[in-house]
S.K.: 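My questions will all concern the structure given below.
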Amino acid sequence: MSEKSTEKAGAGLVEEKVLLEAFRTWQNALVEGATLQSKDSYFQADMNLFFRFSDHGKHKVANVVTFASNPEFQPAIVKINLPTDSDKTDGLSHVLRAGDRINIVRQGRLSHNATNSRNILPDQFEAAAEIDPIYQSRQDGKQGRNWFSVCEISASKEAMRRETSQFVELCQDVRSVWADADKYNGRPRRLPWIADELILALDYYLRFGGSPPNQHSLLTIELSGLLKALGTLMGRQVTKPYRSPSSVYMKAMNFRRLDPKFSAAGTSGLAKGAESEIAIWKKYSTNPDELAHIAKSIRDAIVSGEAFDLTTSDDDQDPAEATEGRVLVGLHRRKERSRKIVAKKIAQVLGKTNCLRCEACDMSFDEKYGDHGKHFIEVHHLFPVKNMLPGHKTTLDQLALLCGNCHRMVHLKHPWLTIEQLKEKIIS
């Protein structure tokens, strides 16, 4: 084969014998518990989907499985086809081996159907789906092809049905986005998961011991709704697939690849993920109590409806956002910039000392700039971000006076410096 994997060594497409075996195992899992509608057409209640088999080739296994949401199969959502040649990637579907794992995979390309006249191309699929391909094949002189997991072949037929259902539902969501492309200015933009979302996803993953409920669970649907609400607060374009139950479940399962409990057993979940997931995993996977506390604070903050400033540009992001999230850091900023509480703190200090000085470097704007800098100073909130709950009442002893330079140094890197730590750096 001329294909070359961009994943770890050993990943690649399988030989014909394994391919046929995998398709047969997968199709048997689909049929189990399904209701026969007509010849080769079934309804799978736990997937809430109709599917049918078509056999137009030489193999003793159905060549094409078509999925739809109604018994008339109009419109068809997606077809998973058996490739005619295991050595080529010309078809839309294939079987991938990565280590001990074997996955049914499909390219992110959807042809038009009865309700959508648009052919959805691979880059369009990826932009709308919000998931990463698990494998990329390359052929000499040809453009690379991205492959997405339909399901992992395993001993659990229920798991194979569930994963297949998630992929089919994802295709349905992608179709709904592109059905009216003009509504989204011609192209939906794939939006990265921020730390707040990853914290909530990891908390969800760990709460269920690495086996979170699937996309049909009310708990997953509830988390999806919470993330959509957060997206709205951030000023994002919240389309139907945006943080859909399927994408939420898949994102949670991305953490399995980092979980030694599952990687040791060879069931490491979705193979690919973002670097930001690694940072969140390293910080919180061994501190589940701290994670649960921060996740609760973020959930409560979103539900409270407080008008946080969550639309900060990448250039203006605080380093703490990478691991503690934009919601809690935004609440911290809001407290620091509250004119009412700042005025009270300044009045308190002036009443005691008649002078405003930086508590780190001792600079006074009054002395440095005369009347032009009279009574000017910045206020820093000492209260830990992770404890910054909605409705938190700031007391004056939770505030410190800092000049602009020192305030910037405190926030320069995460974890933030304390006032004492900053003083030590100034002295040294």
Side-chain angles (χ1 to χ4, degrees), residues 46-48 128-132 149 159 162-163 165-170 172-174 176-177 190-259 262 269-270 273-274 276-277 279-281 283-285 287-306 308 310 321 323-328 330-331 386 389-390:
D46 65 355
M47 293 167 53
N48 195 31
E130 297 193 335
I131 61 170
D132 295 308
S149 177
R162 183 178 68 243
E163 291 174 22
S165 171
Q166 289 156 2
F167 180 80
V168 174
E169 187 169 312
L170 184 67
Q172 180 80 301
D173 288 344
V174 170
S176 72
V177 169
R190 191 177 183 194
L191 298 168
W193 285 61
I194 64 170
D196 310 71
E197 298 173 304
L198 294 175
I199 287 169
L200 292 172
L202 179 58
D203 177 61
Y204 196 56
Y205 174 84
L206 293 180
R207 263 193 290 148
F208 293 96
S211 298
N214 67 28
Q215 83 274 23
H216 299 303
S217 164
L218 291 177
L219 293 172
T220 308
I221 293 170
E222 180 184 6
L223 179 55
S224 168
L226 187 72
L227 296 181
K228 286 177 183 289
L230 175 57
T232 300
L233 284 172
M234 292 170 59
R236 286 184 164 185
Q237 186 182 75
V238 179
T239 61
K240 182 181 176 183
Y242 181 86
R243 308 312 187 240
S244 67
S246 294
S247 65
V248 168
Y249 174 80
M250 289 179 177
K251 181 58 70 174
M253 289 298 286
N254 274 352
F255 287 112
R256 262 201 188 181
R257 82 189 196 283
L258 306 172
D259 192 338
F262 288 95
L270 300 176
S276 53
E277 294 165 14
I280 296 297
W281 175 267
K283 181 170 177 63
Y284 294 114
S285 62
N287 299 290
D289 291 340
E290 182 184 6
L291 173 67
H293 177 74
I294 291 180
K296 183 180 184 305
S297 297
I298 293 173
R299 281 195 299 271
D300 291 346
I302 297 170
V303 172
S304 73
E306 288 196 34
F308 305 119
L310 300 182
E321 290 183 19
T323 53
E324 298 207 359
R326 192 174 297 185
V327 169
L328 299 185
L331 182 54
K386 64 183 179 182
L389 299 173

S.K.: Taking Leu226 as the fixed residue, which of Ile221, Ile298, Leu200, Val248 is the one that meets the side-chain contact (heavy atoms from CB on, under 4.5 Å) rule?
M.R.: Leu200
S.K.: Once rounded to the nearest 0.5 Å, what's the spacing between atom CG of Asp173 and atom OG of Ser247?
M.R.: 8.0 Å
S.K.: May I ask you to decide if Ile294's main-chain N or O and Tyr284's side chain share a donor-acceptor pair within less than 3.5 Å?
M.R.: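 It does not hold such a pair.
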S.K.: Quick check for you: to the nearest 0.5 Å, what is the distance between Ile199 atom CD1 and Lys296 atom NZ?
M.R.: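 Going from CD1 on Ile199 over to NZ on Lys296, the span is 15.0 Å.
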S.K.: For Ser224, enumerate each residue passing the side-chain hydrogen bond (donor to acceptor under 3.5 Å, both in side chains) test, keeping only those at least two apart in sequence or located in another chain.
M.R.: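 For Ser224, no residue satisfies side-chain hydrogen bond (donor to acceptor under 3.5 Å, both in side chains) once neighbours in sequence are set aside.
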S.K.: Let me confirm one number: the CG-CD distance from Leu198 to Glu277, rounded to the nearest 0.5 Å.
M.R.: 6.0 Å
S.K.: Checking the side chain of Ser211 only, and the main-chain atoms of Phe208 only, is there a donor and an acceptor separated by less than 3.5 Å?
M.R.: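 Between the backbone of Phe208 and the side chain of Ser211 there is no qualifying donor-acceptor contact (under 3.5 Å).
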S.K.: Just by modelled atom types, is the Tyr242 backbone N or O under 3.5 Å from a matching donor or acceptor in the Lys228 side chain?
M.R.: yes
S.K.: Could you pull out the closest heavy-atom pair between Ser149 and Phe167, with the gap in Å?
M.R.: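 Between these two residues, the closest heavy atoms are O-CD1, 3.4 Å.
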S.K.: Not counting sequence neighbours, which residues clear side-chain contact (heavy atoms from CB on, under 4.5 Å) with Leu206? List them please.
M.R.: Leu202, Trp281, Leu291
S.K.: Just how far is it from atom OG of Ser244 to atom OH of Tyr249, taken to the nearest 0.5 Å?
M.R.: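 With rounding to 0.5 Å, OG (Ser244) is 13.5 Å from OH (Tyr249).
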S.K.: So, applying side-chain contact (heavy atoms from CB on, under 4.5 Å) with Met253, which one of Met250, Arg257, Arg256 is it?
M.R.: Arg256
S.K.: Which atom pair, heavy atoms only, marks the closest approach of Ala252 to Ala201?
M.R.: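 Heavy atoms only, the tightest pair is CB-O, 4.1 Å.
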S.K.: Glu163: what forms a side-chain hydrogen bond (donor to acceptor under 3.5 Å, both in side chains) with it, not counting sequence neighbours?
M.R.: none
S.K.: To the nearest 0.5 Å, what is the distance between CG (Leu227) and CD1 (Ile194)?
M.R.: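 Going from the CG atom of Leu227 to the CD1 atom of Ile194 covers 9.0 Å.
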S.K.: Would you please name every residue forming a side-chain hydrogen bond (donor to acceptor under 3.5 Å, both in side chains) with Ser217, sequence neighbours left out?
M.R.: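 Listed in chain order: nothing, the list is empty.
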S.K.: Can a salt bridge be assigned to the pair Lys251 and Glu197 using a cut-off of 4.0 Å between side-chain N and carboxylate O?
M.R.: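 Here Lys251 does not pair with Glu197 in a salt bridge, since their nearest N and O are not under 4.0 Å apart.
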S.K.: Quick test of your reading: applying salt bridge (Lys or Arg N to Asp or Glu O under 4.0 Å), list the pairs with at least one residue in residues 204-225, sequence neighbours left out, ordered by first then second residue.
M.R.: Asp203-Arg207
S.K.: Roughly how far apart are Ser165 OG and Leu170 CG, rounded to 0.5 Å?
M.R.: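 Going from the OG atom of Ser165 to the CG atom of Leu170 covers 11.0 Å.
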S.K.: Hey, are Asn254 and Tyr205 close enough side-chain-wise for a donor-acceptor pair under 3.5 Å?
M.R.: no
S.K.: Look only at the side chain of Thr220 and the backbone of Pro245, and say whether a donor-acceptor pair between them is shorter than 3.5 Å.
M.R.: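 Side chain of Thr220 to backbone of Pro245: no pair is present.
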